[in-house]
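Written out below as structure tokens is the structure these notes cover.
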There are 2 protein chains.
Amino acid sequence: MSNRNELPRQRRGSEQITLKQVAEAAGVSAITVSRALNTPERVNDTTRERILDAVERLGYVPNLVAGSLASSRSRFIAVIVPSLANAVFIEVIHGLQEAFEARGYQILLGNTDYDLQREYQLVRTFLGWSCSALVTAGLRHNEACLGLLRQWDKPVMEVMELGEGLDLNVGLDHQHAGRHMATHLLERGYRSIVYVGACMDRDYRAAMRFAGHREVLEAAGLPTPLVELARLGSLEAGAEGLDRALAERPEADAVHFANDDLAVGALLHAQRRGLRVPQDIAIAGFNGLPLGQHVTPRLTTILSPRATMGRVAAKQVLKRLDHDSDNALDNTLKPPCQHDVGFTLSVGEST
Amino acid sequence: MSNRNELPRQRRGSEQITLKQVAEAAGVSAITVSRALNTPERVNDTTRERILDAVERLGYVPNLVAGSLASSRSRFIAVIVPSLANAVFIEVIHGLQEAFEARGYQILLGNTDYDLQREYQLVRTFLGWSCSALVTAGLRHNEACLGLLRQWDKPVMEVMELGEGLDLNVGLDHQHAGRHMATHLLERGYRSIVYVGACMDRDYRAAMRFAGHREVLEAAGLPTPLVELARLGSLEAGAEGLDRALAERPEADAVHFANDDLAVGALLHAQRRGLRVPQDIAIAGFNGLPLGQHVTPRLTTILSPRATMGRVAAKQVLKRLDHDSDNALDNTLKPPCQHDVGFTLSVGEST
DNA sequence: TAAAACGATGTTAGCGCTAACATTACAGCG
DNA sequence: CGCTGTAATGTTAGCGCTAACATCGTTTTA
């Protein structure tokens, strides 16, 4: 026998102050309170004051989960990066965070550890949170992930590298950067140049830079020796990279590192080994971390505008979001848009 | 006249696959699908397979917002830090993120920019998301924020520093660290020691280290000159700090910097200025950033176990969460618990 | 062997909020 | 003076999920 017509079932009492209680306290209906908080301009000034007063008095904290369910949108921006150990991504996150938080969006941060399957999992979770947009590092995703993102109707931003993306794209051309640095090294007169990368199967942007580097050297009829390290960029790894490069190519006169962490590690290590930079060996990096600009000799590197990349990406996403909410039902084309933030060669004394 | 008995109102069709559709496809009720996904062990193996199959086929992505509303808990962990520009917080976040993501929790990241009012806002927002726990840097909060956190019934973890906290606390004793380094400098024979900090009104942990430093020098009957920089830690600021310290105290034989960024910036700058470290001027830092261990001379600093701090904090929080879900209604004491992660003096050649 | 326990699944009623539509009051206007 | 417009507020019905309780067949226990 069921217990119908008895007292209602009890749910775990969440004893939280709700909109309804605020509404009662202010002598209005719930929806008016909702409006007073979300679209204040649509509520009479004196009513709004009364409501805000009640909010304050009762210590009301809006339940954003309920709000999101009802409106089927949260103010979340999903941000997916391949690593938190790398300063580059941190700076991009920083740029994003600044711009999004200023507009009242929350960052939902995910770290794939350079694993595309993990990226897929994160995307699934984030879509489940009705994010307003998703920002992810890179243009490579697995099929499952692409499937999810393609059928999703909110902005998707791919940052870091430039190319054919799903939707929005802000980044730089890594192959070009590789070519640029290789050209610089040739111009400086170096002829035996080793490239040192780390985990380039996963850090494929480093591999793209190597491709550019190789292009230039091959065009000049030079060999393109490559040293690949088993651990990701760090000062320690850079020291190891230098040792291995010189062991495998004793005649090397320059080493082109995949990033500044490696390059600075190598530079400091060279000094400990008593090698003169650049007379005995020239060293070049990529990224333009502040660190590289403070060692002696100053590191020759390529400056990537990381925080700018984050800010620009955020701006583009916000523009799209604003536009979308203006003409809500417009299903017109949203042309994939690409933005090249470029890079700058910074010549130090290390080459 | 109302339009009762007409067709139901239309809501913006979210056209998303829902639990219900999966349930129909699998020939079970919605709750069984819910259980198959959330507590698989409570569903018969063959039923579960049928359900997972339907999930796959339909490309169902669970609506986590709805789930959270119904269960009044999300799998969010709110993490609040005062800065993203500082590697220290990044490493703590990294430690937290590793441990929490492994257990299926999502990090919700907030940055206060050292502003307690901003912290209050973030806490409000995060509580609105029914976070499972909140991790914040430091023990200082404003009254409004304390009020919210005190009446909140989920774990609150305060990291970075040690002391009387709200609930859980993992960190180290900064004043002690300051004393420790000052003692080291005295033992080394330095007698004119300048402390250089940055924005110490906001970075009050640096101020606590200074307090410890001062304690020791005063006990030794020495003056305690202080240089305070207007911008937060960076290599550039460190260079400026050294210049100012030497300008104001030409007789200085050692400079104790509030952190490694400053100290390394100063060290590299000293070399550019032709000063010998430590003969002309000794330099000490705090934090043990990898960078400091790779310059020549190696920086004397205090190693703080940052990633460990994150991991330990996460572990404690997870323990509490597991415990709470076991005996749900137990309102027994949850004693504020304190965990000292300690620190290590790392003596380089810079002192 | 009846009673209690258990395992698997279903039914019902919300969680707290907001979209969509309804109502009211009053202004502007020919 | 009726018409249309608009500003302010209210009513209703979910959003998609899960907690609490119910049901039922199968075991286990006293």
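Remember, predicted model here, so these are calculated numbers, not experimental data.
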Whole-Å distance, A:Leu19 CG to D:dG10 C1', equals 14 Å
B:Ile31 CD1 to C:dT12 C1', in whole Å, measures 11 Å
B:Pro82 and B:Thr112 have their tightest heavy-atom pair at CA-OG1, 3.1 Å
Students often get this wrong, so: under 4.0 angstrom with heavy atoms, is A:Ser68 touching a base, only sugar-phosphate, or nothing?
nothing
Of C:dA19, D:dC17, D:dT9, the nucleotide closest to the side chain of A:Thr47 is D:dT9
Walking DNA chain D from its 5' end, the first of B:Tyr60 and A:Thr32 to be reached, judged by nearest nucleotide, is A:Thr32
B:Leu64 CG to D:dG16 C1', in whole Å, measures 11 Å
Side-chain atoms of B:Ala30 come closest, of D:dC17, C:dA19, D:dT18, to D:dT18
Can you confirm whether A:Ile77 sits close enough to A:Leu134 that some side-chain heavy atom of one is under 4.5 Å from a side-chain heavy atom of the other? no
Short side-chain donor-acceptor distance under 3.5 Å, A:Glu119 and A:Thr136: yes
Discussion item. Considering every strand and a 4.0 Å limit on heavy-atom distances, what is the contact class for B:Val28: base, sugar-phosphate, or nothing?
Written reply: sugar-phosphate
B:Arg48 atom CZ is separated from C:dG7 atom P, nearest whole Å, by 15 Å
